[in-house]
Amino acid sequence: MDLAGGGLKALLMGRRFLVVAVLALGLGGLLAGWELSRVGVHQGYAPAQPIAFPHKVHAGDNKIPCLYCHYAARTSRHAGIPPASVCMNCHTLLEKQTVEIEKLKEAVQEQRPIKWIKVHNLPDFVYFNHSQHVLSGVACQRCHGAVEQMDRVQQMSPLTMGWCLECHREHAHIATADFQRVMQDMTHRPVPVAGLDCTSCHY
Amino acid sequence: MPKNFLVATYSNAGRLLQAAHAMKEEKFRIYDVYAPYPIHHLDEAMEIHRSRLPWVTLLLGGAGLLIALLGQFYTVIWDWPMNVGGKPANATLAFIPITFELTVLIGGLATVAALFLRARLYPGKRERLIVEGVTNDTFALVLRKRDTSFDTARARQILEESGADLIEEKAAEL
Amino acid sequence: MSASAMTTIATGVQTLHPPTWVEGNPSLHRITDDIARPLEGRPGKGWWICFGIAFAALLNLGGMVTYLIASGIGVWGLNNSVGWAFDITNFVFWVGIGHAGTLISAILLLFRQKWRTSINRSAEAMTIFAVMCAGLFPAIHMGRPWDAFFIFPYPNQRGPLWPNFRSPLVWDVFAISTYLTISLVFWYLGMIPDLATMRDRLKDRIGRIDKIRKSVFRILSLGWNGSHRTWARYEIVSLVLAGLATPLVLSVHSIVSMDFATSVIPGWHTTIFPPYFVAGAIYSGFGMVLTLLIITRQTMHLKRYITVEHLDKMAKVTMLTGMLVSYGYFSEFFSAWYSGNFYERFHFINRATGPYAWCFYLMVLCNVITPHVLWWKKMRRSVAALFVISILVNIGMWFERFVIIVVSLHRAFLPSGWGMFYPTAIDIGVLVGAFGLFFTCFLLFIRFLPMIAIWEIKGVTERAVHEVIVQEDEAKVAHA
Amino acid sequence: MNRDGAAKISCKGPKESLVRIGEPPVYWKSAEELQNGARPLGEFPGGLPGNSPSQQTEDTRRDFLAMMGFTFAAAGLAGCRAPVQNAVPLLTGSDEIVPGVSNFYATTCGGCPSACSLLVKQRDGRPIKIEGNDRSSLFGGTCATGQATVLSLYDGERLHGPLWKGQPVQWPVIDGQVRDALRAADKDKRPIVLLSGTITSPSTLHIIGEWKKRYPSFRHVVYDAVSLSAMRAANAASFGRAAIPHYLFDKARMIVGLEADFLGTWLSPVEFARQYASSRKPEGNFSTHVQFESGFSVTGSNADIRVPVAPSEMGAVALALLRRIGRYAGVTDVPDSTESFADSKKLDAIAEALWRHRGESLIVSGVQDLSVQMAVNALNSWLGNIGKTVDLARPSYQRAGDDAAMAELVEQMNRGEIHTLLLHGVNPAYDYAEPERFTQGLEKVALSISFSDRRDETSSRAHAICPDHHFLESWGDAEPVDSHFSLAQPLIAPLFNTRATAENLLAWLGIESGHHTFLRSFWRENIFPRQNERPDFESFWDRSLQDGVVVVPQKTAAPPVNAFHGDWKTAAHAIVNEPGRADDRYQLHFYESVALRDGRHANNPWLQELPDPISKVTWGNYAAVSPKLARKLGLSEGDVVSLKTEKGQMQIPVFLQPGQHEKSISVALGYGRKQVGKAGQDVGANAFPLRRQSTVNVTLEKTGRTVKLASTQRHFYMEGRPIILESTLKQVRMESAAAESGEALPSLWPEYPQGEHSWGLGIDLTACIGCSACVIACQAENNIPVVGKDQVQRIRAMHWIRVDRYYTGPEDCPASVHQPMMCQHCGHAPCETVCPVHATTTSSEGINQQVYNRCIGTRYCANNCPYKVRRFNWYNYTENAKFDFNMNSPLGRMVLNPDVVVRSRGVMEKCNLCVQRIQLAKNLALQGKRTLADGDIKTACQQACPTQAIVFGDLKDAHSRVAQLHRSQRQYKVLEELGTRPNVAYLKKIRNTTET
């Protein structure tokens, strides 16, 4: 009447084993699901830059407006990292010397482009246009967080589609229930409308 | 702890059936019958009432139906309505197939699960066979000797009359 | 069942002899032995040859699919005019095959058709393997199979973004997976008592292999001990499942047919598809069951249990469904003509006279003309004839799907978009490979699991039926 | 999938140092990185110290800077109005390139001597898209070839630097060698010859003039592979001016073409197409067009009456008309000739119509035969068209080839008389009628220098190759038509160590000031004085540079045009007595293919894969024969035949061409290049060598071999389906013009709420001539991959817009219609319902949007699309060695549009109404605090269309052009009866059969 293998016996412990197995599977599933959902999300990414540029000092303490350096954000899809010449606009005049500023000046002397590291990376297949958002009055901090308080820039937002949509849904005049009415009183003045169409971002 | 049983084994269902009816006449309560295939018309002899398992099917099938319908309504109409081929957001007709499938799926699985629970069937359960070959060619009629009031002699007599191949008293866990 | 009903059967029994579903009236023990033998003995040469071929084909499938996914759908002969061809043809073909099993085990159970007992187990197994093959194709026909999970409605970080519940493809996913699950459960449930039987047969044998097999059977048989109280519930549940599976089996192929019926393409866009597809499915399913059973009864020495009576019954069903299918073909042409729809008419003329006409006529030969051979009892009872016919049925039904899919696509609305489809080696390789998968599974099944429902056979052997009844009557007399 | 086409590409912005041989290119990952990674710091204000790249770098860069500088103010002026019109963009502070922002510059096309004026879209320092310049008074839109020239810029087969005897050298070495050789040649007075194709650049011609002064033994020979020298000769004889007239089709009410494909390839197709369309408006004037031709040309496919005629009978046609017109004009002694090609009633009718419209009729002939051209001249002058529709006073300079001069040069070369031979824009070793004769001669030349941009059949035989810039890299100007000037400016610093031919010619004259300086001074001295709009040269120059074009009053001292004094009688008799031909022989008819023209673009994969507008065949040429002939000889499509003339023979597959004259066999030139690059190598067969002798007596033999032609459309008849609706001018005029149609069929569903806009297209089938410019424009705009011959054969071409072509009527002389077919953006789209994952849905603005990254590739949508306009990525077409076209090399990928995703394997794609342009326009409107105006957004296909057949716009705005088209009485929607509710409306094709 005995059955084969001690391990097998353990396996065949009976009901209790069954319960445990079910619970384990359930938990494992949930964990795996959570992990999978975070694939490709780099929230909190804060790489060290070739020159430890402190936004805190510039944008925070000295209150330099974001768009002074990232001027392209007004007109282009890219906010743009300022060319070293923009840095030099001030740093040629400033006495203050630090190791980091030295690095900058060195680079300029040697014509060596500074290879910054991109912090906020959207997937390739999504089109994001800075100027569109800047002109529609979206504050930089809305997506980038309080950069003016950061010594090293860090990705605050998950940059997932769901996250984009949260904001777009707030400001959408499209596809809501009272859509018809909205369309009627929508003047033909260019009201910045956050699109909920796929082609607002994907093409 | 083991219980005491009076076990009669048969080599065909007919005699066993006969014995079962006789037992009923004599107000003996048949503990259970073990057979390699379901013997019809045994139920009344054993006073087995129609199983209530189909209700499980009805209830959980209904649940499946609701889950499917609400799920589709939520995703398609409420959560993110999209203009798909200019069709109106409310596409109830299009929901029917999936609703039906989920009803059947959940209903069916639930019923089987219920059966396993009710009949205490689960992987790794040790089978407890009252006699050899009840899963092959032997039929066993089992009476429980609950207390002294159980008239063993009479029972034996009836069983013998019914032509049991073997009658024995044994203690076992079933 | 009430006693009065009993007597009717009794009289019935005495007056005319019901067809004998088991020949030679074997003892219960003998039945167990006969059916268990193939599982316990060494497999014969025949089995090994078949398995070798099937397994080779399966390996080929693996290679083909790997290559396909590595390089892209372009390795198939598809093009911008004909976006589906062998892939979906095979899909529909296998789903169709999968229908006979559930029909036999569920619908015939509801109709209390005793002759189903010796074939339902293998028919169900066939269903499961066929649906597995079917499921393969929607998966590999995608351009990006690694993104297939987009189809399932799960909360996600894209908004969340849900699948399109209007799309018949999504219906398919639910239908096929439900069908596979329910069939599996039904099949397994029916097998539990037999697994117990196998378990208990192995009791006194010693030897590593047998020990392992025994403990596997033990796990699978869930501690079954033949209790009648369990039997009672068990039968109720079987009936319930049968009741659920019956509409399910009809729904599955109806939904598959909607992949086409809901479209706008002439030749696809037609309301007759659901019933016509279901009939076709059963037709092809019975074709495949015949093929398989004829092979197994010859090779596994089970002539006693799979009798000519069975074959005769199946032949009749095949003929009936074959004629339903023929009616479908006819009414398609009729409605095309009667509707006066230009594109519809053009399509059906093109079907019968266009570049793919030969497929159409092959289909007609196999599905419309062949079944009528079965009017002759001789044919219905000739194993050889039935074998040939069953093969023809399968060929015919494959081409039916090919004609529906490819011929409709290759000449749609704008002549500028017309183009031919020519299969590549990969197309054919995958087609063959699917058969490899199917037969490998089936051969393993008949080798390791009881391919005939032992307990059901026992339930219908003449001895069992007869003696119960006799004793029953005596019992009553005794009372009076 | 890869959003930035730019990613992983070495960017060479205009202000950035050149990639010199052996120097690794600067790689950058994103526009940001481009901005500070790939740009030297030297050019920022306050000029940071250091940074002195090599000499020639400085030059080019300074040129560019200079140009930028000069045009500051001008930009300010023009900038505010319509930025797209700027020749030079507004510059903010230090950088003229804002990453991610496109600038448009005007320049002049170098694709062929027609010298169309262009606008070029420059993005992150790379020209990525070519558009027509609407400021031009001659042109508008482009042709397919022009569109594709931007890809040739990024052709990896171009030479990376000068070669001397096959070895890479630096420029000074070449300069030294050449100067010595020239001095030697000059000393002993041995001929120095510049053999060039037609040069329309006045400044370059001026330099050549300087050479004549400097070297008395210098001579300039102009050679066009497909030349119009017979016409020049005829005009000299008839009007005392050896020139090509400037034709005005828009002024003509009655047009007769003799073997002249003026809408496809002949002389100046873009210009003529524009004129032609404007003369054929059902609502206004509608000219009648009669075409006599042997093959089926684009022009013929648009004719109201098309008469298939054997090449040998063209003279007879001219004569038949001449005789009839003569009767009207009172000239009776025109000799009789055969009229077997058409019944005389028809001819009478045509002649009558011509006479009725005398002064506003036009007869053009592309036949390279003096007598025929004389007859045509006689016709035009008797009809009083000279000075009206045929302008000789302001002739065209677009073809200046002189066959006689060329023939003589080749003789001289073979006699070993030529000392120095400069080859510019010519490839006689490939396209001369007697190539080996030329190459033998070339070996006898002491010094031969080719300016070709690559090792081709000719340059590989020359002593030195001094690779020319691509026209997008160089300065230049053009005068396509007398007094119509246009400028060319560099859009990018030269990718390779090349040098403009003009630069070379100057350098070797000893003028070191550089081409740009010379160009400016030339304009200051020669063109600026001829205008009086602008007081000072700078503003004149800036404006010209912005507009790209300038028209000035004609030179006072223009040579006179005499009245017709040609000897038409001799010509007539020459035609009558022309040698007959054996009846068992066939006649060859050669034509330039719309895509490859004379073969100079053979290495451009876009053009190789562009379906021929008529046959829809790609990747190779074929012998077009009439179905009747094919039946007679038992030929079927793809059978390889060998065509034999007295001197030569070629093997080529046949194509059954309805409407082909039974006795004639048409073969496209420009194929079968032997040395051009991997895309064009050995594609098709070279027909040039067969032109040497009379092509009248050709034998045709089966070889037994069969090949498969790669055709994108395999069925040519409509099967009686209402796909293209036609009507005649009469009917349209009869229907009340007020009648407006366009209400949609009833729907079972409630109307879906529309967004702020509702985008749609209107396509006028009457205007569409089938030139296929839209196809390439779309390909360039939307990063559409090239898939190669094999995939096209498998019906997997990727073009988002295809031009369907159907025949109607009898097969020996069918009429034909063209229909641009792209996604119809259905309101009730069948494709959307079936997609399991919502990868395609309708946007709130009516676009049928396709989301590549959501698509899982079930192809269900494509199956369910009634228009079959969806395209599936069967393979990875990017960075895949199996598809070794432009998308497989970093250089080739520089042409990609960074605003459009490069699709990966396994996803569906299709026309999305250039949604990236819509979004851009919205954004610009937002920046400009204004609303979108009709016409702000032009789709790529619309912009490229020379006849303005395609109109994009907002259907919600009742006044928009597209909305008007959707209300037009001619409007209909394809397969509307299916209830798909397309947002694309077609306007019926109208034919003018009233006149005859």
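So that the names make sense, note that chain A is the first sequence line, chain B the second, and so on, each numbered from 1.
- Heavy-atom distances place the side chain of Thr841(D), and not its backbone, under 4.5 Å from chain A.
- With values rounded to the nearest 0.5 angstrom, Asn129(A) atom CG is found 8.5 Å from Leu920(D) atom CG.
- Separating the CG atom in Leu926(D) from the CD atom in Gln132(A) is a distance of 7.0 Å, to the nearest 0.5 Å.
- Looking at heavy atoms from C-beta onward, Arg77(A) lies out of side-chain contact with Val101(D) at the 4.5 angstrom threshold.
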Would you check, one step at a time, whether the test side chain to side chain contact (heavy atoms under 4.5 Å, CB included) holds for Ser844(D) with Leu196(A)?
CA-CA 8 Å; Ser844(D) 62; Leu196(A) 283 176; over 6 Å; no
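- Looking at every heavy atom in both residues, Ser76(A) comes nearest to Gly100(D) through OG-CA, 3.6 Å.
- Residues Val126(A) and Asn853(D) form no side-chain contact, since every pair of their non-hydrogen atoms from C-beta on lies 4.5 Å or further apart.
- A search for ring-ring contact (aromatic ring centres under 6.0 Å, His included) contacts involving Trp163(A) returns nothing, not counting sequence neighbours.
- Considering only residues two or more places apart in sequence or on other chains, Arg74(A) meets the salt bridge (Lys or Arg N to Asp or Glu O under 4.0 Å) condition with none of them.
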Go through the steps to decide whether Tyr203(A) and Gln919(D) satisfy the test side chain to side chain contact (heavy atoms under 4.5 Å, CB included), and finish with yes or no.
CA-CA 10 Å; Tyr203(A) 46 84; Gln919(D) 297 289 20; 3.5 Å; yes
Side chain to side chain contact (heavy atoms under 4.5 Å, CB included) between Asp124(A) and Val901(D), intermediate numbers included
CA-CA 8 Å; Asp124(A) 281 339; Val901(D) 167; over 6 Å; no
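- Side-chain contact check for Asn912(D) and Thr199(A): no donor-acceptor pair (N or O, by modelled atom type) lies under 3.5 Å.
- In this structure, OG1 in Thr842(D) is found 9.5 Å from CG in Asp197(A), a value given to the nearest 0.5 Å.
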